[in-house]
Amino acid sequence: MCWQPFWFLQLTSCSLQLLNYTMKITIIAFGQIAEITGKDLTLSAADTDALKQQLEAMFPALAAKKYAIAVNRQLVPGHYNFNENDEVALMPPYSGG
Amino acid sequence: MENYNERYARHYSLKNFGIDAQQKLEKAKVLVIGAGGLGCPVLQYLAAAGVGTIGIADNDILSLSNLQRQVLYTTNDIGKPKTEVAEERLKRLNPGVEIAIHQTNISTANALEILQIYDVVVDCTDNFTARYIINDACVLLGKPLVFGAIYQYEGQVAVFNVLDDKGIRTNYRHLFPEPPAPGEAPDCNEAGVLGVLPGVIGIMQATEVIKLVTGIGEVLVNKILNFSLLSYVSVQFGIDGNAVDNAGPKTEAEFRNIDYEVLCGVTSRNIVALEASVFKEWAAYPDTIVIDVRERNEQPKSKFAQINIPLAELENYEPGLTEENILLFCQSGKRSLKAAELLASRFGSSKNIAHLKGGIISLQE
């Protein structure tokens, strides 16, 4: 919308984000992990490695925890590059019975 | 109708089930490992459904705090072996079912022998040591494993070791290749659990057994379901069977040689783990300090603790521990082992450091 003031600034910030390849992702956490991070979060990250770094910086207690990562309901054991609006789940192991 | 049994009338009349599915149940041999929170509903519903042979493997004695969720038992049963009580109750529920008792904890020494008798294994245990032993044994024997686990208000259900239509077969190590470190994933003793949760998750496990045996519906093959009691949100995750090299043992000999207690951090080669009776004896020695490493509000309180330093505070605990002998305990023995390792790395061999195996729970029994 050209008639809006500063519309070009919005365009600039948008293209900068694309250059960094960071994607907006939604995080859902379960069990002990949710106790640390809260149940829902929205973050920007390029891939699973960057996400782990970012989460551990935000929540240091997370570094000592084991959790599996699922993207759009499929577990991803290795490195994974995110797409815009991916849903990322953090699922810890439960031992109780 | 031949072999008609009025008991199963509602199964016979059920669309897509009928006498064929009922006969499959009657021929099935199912092993339920753990006769606790998950095991009770699994056993009750499988016996009621008419599963021909049900094995129960457990070595636990019923205690008062079990009764809040283990609804197969009554107050009069406290102090009795769970297997014996369960057998008696299930036989009264359905005398047509054969019950086999395995009065033991599953270990690398007995797992392969016990599991190979059965068609389906149901994991209702409450610790990672047993879970990894059962998983690895099922992988080696090619047995379908119906997995269930709980935490506070949430549970997980999965069916491992069954081929899907793409020829893929996954197991617990595809989710978590190695067990968590001690204290990383608290058990029900430490974290608490809403009594109805194992009921819900156990019934889901019994359902998966019935679906697997009779061939109805969609079994949770290569999927894990996470269920929350508080929101009723149920999420299924697909498990990737290709991406990781399975970390489990490749041969039966390798399996028998793994020390799963060390692997799961329940015991450590460097730390002395004391039985309850020995711990009490050592606690009375001179120049000895007994430290409770649980949080300050945890129950039950113990008579012999001299100080309470929660594990999280121990690392930065400034006052010098001057005593030569340091004895540590917590609820289940996980955190005290971690604390012992922490102090051992600080003091080296200059002090005698030991912890209470099985935690304060073992002192009460």
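Chain letters run A, B, ... following the sequence lines, proteins first and then strands; every chain starts at 1. Below, each value reflects all heavy atoms present in this structure, side chains not excepted, and no hydrogens, waters or symmetry copies.
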Q) Between B:Asn127 and chain A, which part of the residue has a heavy atom less than 4.5 Å away: side chain, backbone, both or neither? A) backbone

Q. Who wins among B:Gln70, B:Glu178, B:Lys223 for the most heavy-atom pairs under 4.5 Å with chain A?
A. B:Glu178

Q) If you count the non-hydrogen atoms of other residues, nucleotides and ligands that lie under 6.0 Å from CZ in A:Phe59, is the total more than 12? A) yes

Q. Who among B:Gly155, B:Ala130, B:Gly202 has the most heavy-atom pairs with chain A under 4.5 Å?
A. B:Gly155

(Q) With a 4.5 angstrom heavy-atom cut-off, is it the side chain or the backbone of A:Glu87 that approaches chain B, or both, or neither? (A) neither

Q | Donor-acceptor pair, side chain of B:Glu154 and main chain of B:Ser228, under 3.5 angstrom | A | no

Q: Indicate yes or no: at least one non-hydrogen side-chain atom of B:Val32 is less than 4.5 angstrom from one of B:Ile56.
A: no

Q | Residue part contacting chain A, namely of B:Ile224, when any heavy atom lies under 4.5 Å | A | side chain

Q | Non-hydrogen atoms of B:Glu298 and B:Gln331 that approach each other most closely | A | OE1-OE1, 3.9 Å

Q: Please tell me if the side chains of B:Tyr172 and B:Asp123 come closer than 4.5 Å, counting only heavy atoms from C-beta onward.
A: no

Q. With side chains defined as the heavy atoms from C-beta onward, is the minimum distance between A:Gln32 and A:Tyr94 less than 4.5 Å?
A. yes

**Q.** Engaged part of B:Gln236 at the chain A interface, taking heavy atoms whose separation is under 4.5 Å
**A.** backbone

Q: Go through the atoms of B:Tyr153 and report whether side chain, backbone, both or neither lie under 4.5 Å from a heavy atom of chain A.
A: neither

